[in-house]
2 protein chains.
Amino acid sequence: MTPVVSASSARPLTTPLDTFRRWLHERGLKTTSQRDDIARVFLTGNRHISVEELYAAVKKVNPRVGYATVYRTLRLLKECGVAVERHFNDGEARYEAAGGEKHGHDHFICERCARIIEFASAELDALDQRIARKLGAVISRRRLELYGICRECREGKR
Amino acid sequence: MTPVVSASSARPLTTPLDTFRRWLHERGLKTTSQRDDIARVFLTGNRHISVEELYAAVKKVNPRVGYATVYRTLRLLKECGVAVERHFNDGEARYEAAGGEKHGHDHFICERCARIIEFASAELDALDQRIARKLGAVISRRRLELYGICRECREGKR
DNA sequence: ATCGGTGCAAATTATTTGCAGGAGC
DNA sequence: GCTCCTGCAAATAATTTGCACCGAT
């Protein structure tokens, strides 16, 4: 398993927000203050944010947004590849910014403190391929979630 | 990955239905024809059945059942460990009979034909533990789903 | 000026719950 | 007979959609 190290802090030439705006423009869709605000708050806020949390956070910046627009914009962000939808405890959806390079693609969910820890595992990537070969299948994506008690909770630090 | 082989066909001494009935009795709950029918149909029907499918199948056997009772009985089956709830495509819940020995505990979902293939992987079990150690966590359960195209679909046999 | 976008409220979907009557023990 | 159970319909919860007006290009 590779540790989750932060990448360099150099600003990338193309931000996810740019990607989103360009994607909209390419298909004749419009840039609106709501879409901008929702995307900006989404990208700078917590990873694994729920719709409710995002809605509340956006309201603080721009009270002129409705729940429906948050849902509609999240769908666009998903479609253009900027956001990824997750369903951890089979409850409401949570969204994370794409670009798992800085983070892992898999998740550990602590059943005590509910924290979500991301990790990456090259061994797992390889194992996927071996399983695919055995099944005669081609794999396009995986979802791995480990549930348990995290280090902090185990050590009583929480 | 271990292949998914069928176990011997010898009838076990205690069936899941017995387990369910005993569990109900132990806590002063009642055995009713609805509960029996729902449990029986659930246990003999398709693995990964949805509530809707189960409801329809039970109706054929006993039209005197309501949707609510199917939900309520599934909850009981879950609580007594006979059924396990899954959420594959983040849509409606699907239930499978517990006792994954005969089947795998992990799932491959074909994105073309929607078939669900179970498999088990000892390598994966070991990898879980290595990941847990790295994270300093203790793992109680995992959810692994691989999505892609299955062999039959790839070979155009479907 | 033209479409697409937005808020709101109503519609949907999956699931749960209140209640009055019915069936186990 | 006392409870627990059931069906039905109404209530939730999460998400989507119809519609009249608004705003970006």
Side-chain angles (χ1 to χ4, degrees), chain A residues 17 20-42 48-80 83-95, chain B residues 17 20-42 48-80 83-95:
Chain A
L17 191 54
F20 181 46
R21 289 218 192 87
R22 192 169 311 133
W23 185 89
L24 287 173
H25 197 258
E26 278 168 9
R27 44 211 83 200
L29 301 178
K30 292 167 183 169
T31 301
T32 65
S33 66
Q34 286 89 326
R35 286 180 178 171
D36 261 30
D37 290 336
I38 293 168
R40 198 162 332 97
V41 170
F42 168 68
H48 309 121
I49 197 168
S50 69
V51 181
E52 196 176 3
E53 289 162 357
L54 180 56
Y55 174 70
V58 172
K59 273 273 177 183
K60 287 185 199 159
V61 169
N62 178 354
R64 295 177 43 81
V65 291
Y67 235 112
T69 302
V70 174
Y71 273 104
R72 287 189 274 232
T73 303
L74 276 171
R75 171 161 36 206
L76 295 174
L77 288 166
K78 228 183 342 178
E79 280 173 29
C80 78
V84 178
E85 185 177 339
R86 302 270 182 191
H87 287 251
F88 291 115
N89 291 296
D90 302 326
E92 9 78 276
R94 288 186 170 270
Y95 293 82
Chain B
L17 192 55
F20 181 46
R21 289 219 192 87
R22 191 169 312 131
W23 185 88
L24 287 172
H25 197 257
E26 277 168 8
R27 44 211 82 201
L29 302 178
K30 292 167 184 170
T31 300
T32 65
S33 66
Q34 286 90 326
R35 285 180 179 170
D36 259 30
D37 290 336
I38 293 167
R40 199 161 332 98
V41 171
F42 168 68
H48 309 122
I49 197 168
S50 68
V51 182
E52 197 176 3
E53 290 162 356
L54 180 56
Y55 173 69
V58 172
K59 274 273 177 184
K60 288 186 199 159
V61 169
N62 178 354
R64 294 176 43 80
V65 292
Y67 235 113
T69 302
V70 174
Y71 273 104
R72 287 189 274 232
T73 303
L74 276 170
R75 171 159 41 204
L76 296 174
L77 288 167
K78 227 180 348 177
E79 281 173 29
C80 77
V84 178
E85 186 177 338
R86 302 270 181 192
H87 287 251
F88 293 114
N89 291 297
D90 301 326
E92 9 79 275
R94 287 185 171 271
Y95 294 82

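Each chain gets a letter, A, B and so on, in the order the sequences are listed, and its residues count up from 1. The figures that follow rest on heavy atoms only: side chains count, while hydrogens, waters and symmetry mates do not. These numbers come from a predicted model, not from an experiment.
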For [X] and [N], give me the distance from atom [atom1] to atom [atom2], rounded to whole Å.
| X | N | atom1 | atom2 | value |
| --- | --- | --- | --- | --- |
| A:Glu85 | D:dT16 | CD | P | 8 Å |
| A:Ile49 | D:dA14 | CD1 | C1' | 17 Å |
| A:Leu74 | D:dT17 | CG | C1' | 17 Å |
| A:Gln34 | D:dG23 | CD | P | 9 Å |
| B:His25 | D:dT3 | NE2 | C1' | 14 Å |
| B:His87 | D:dA13 | NE2 | P | 17 Å |
| B:Arg21 | C:dC25 | CZ | P | 10 Å |
| A:Glu53 | D:dA14 | CD | C1' | 14 Å |

What's the closest nucleotide to the side chain of [X] if the choices are [options]?
| X | options | answer |
| --- | --- | --- |
| B:Thr32 | C:dG5, D:dC5, C:dT16 | D:dC5 |
| A:Leu29 | D:dT16, D:dC5, C:dG5 | C:dG5 |
| A:Ala68 | D:dT6, D:dT17, C:dG4 | D:dT17 |
| A:Arg75 | C:dG5, C:dT16, D:dT17 | D:dT17 |
| A:Val51 | D:dG7, D:dT15, C:dG4 | D:dT15 |
| B:Lys30 | D:dG23, C:dC25, D:dT16 | C:dC25 |

* If each of A:Tyr67 and B:Tyr67 is mapped to the nucleotide of DNA chain C with the nearest heavy atom, which maps nearer the 5' terminus, i.e. the 5' end? ->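 The answer here is A:Tyr67.
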* If you pin B:Glu92 and A:Val65 to their nearest nucleotides in DNA chain C, which one's is more 5'? ->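 So the residue in question is A:Val65.
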* At under 4.0 Å between heavy atoms, what does A:Arg35 touch on the DNA or RNA strands: base, sugar-phosphate, or nothing? -> sugar-phosphate
* Using a 4.0 Å heavy-atom cut-off across all strands, classify A:Thr31 as base, sugar-phosphate, or nothing. =>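 The residue A:Thr31 makes sugar-phosphate contact but no base contact.
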* Asked: Is the backbone N or O of B:Lys30 less than 3.5 Å from a side-chain atom of B:Arg35, with the two atoms forming a donor-acceptor pair by type?
  ->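 Checking the backbone N and O of B:Lys30 against the side chain of B:Arg35, a donor-acceptor pair under 3.5 Å is found.
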* Between atom CG of B:Leu54 and atom OH of B:Tyr67, what is the distance when rounded to the nearest 0.5 Å? ->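 It comes to 9.0 Å.
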* Asked: Can you name the nearest heavy-atom pair linking A:Val65 to A:Asn62, along with the distance?
  ->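 What the structure gives for the nearest pair is CG2-O, 3.3 Å.
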* **Over all atoms of both residues, closest heavy-atom pair of A:Ser50 and A:Glu92** => CB-OE2, 3.6 Å
* Is atom CD of A:Glu85 surrounded by more than 12 heavy atoms (other residues, nucleotides or ligands) closer than 6.0 Å? ->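 Correct, the count exceeds 12.
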* Asked: Is the base of D:dG7 touched by the side chain of B:Arg72 through a donor-acceptor pair closer than 3.5 angstrom?
  -> yes
* Any side-chain N or O of A:Tyr71 less than 4.0 Å from the OP1 or OP2 oxygen of D:dT15? -> yes
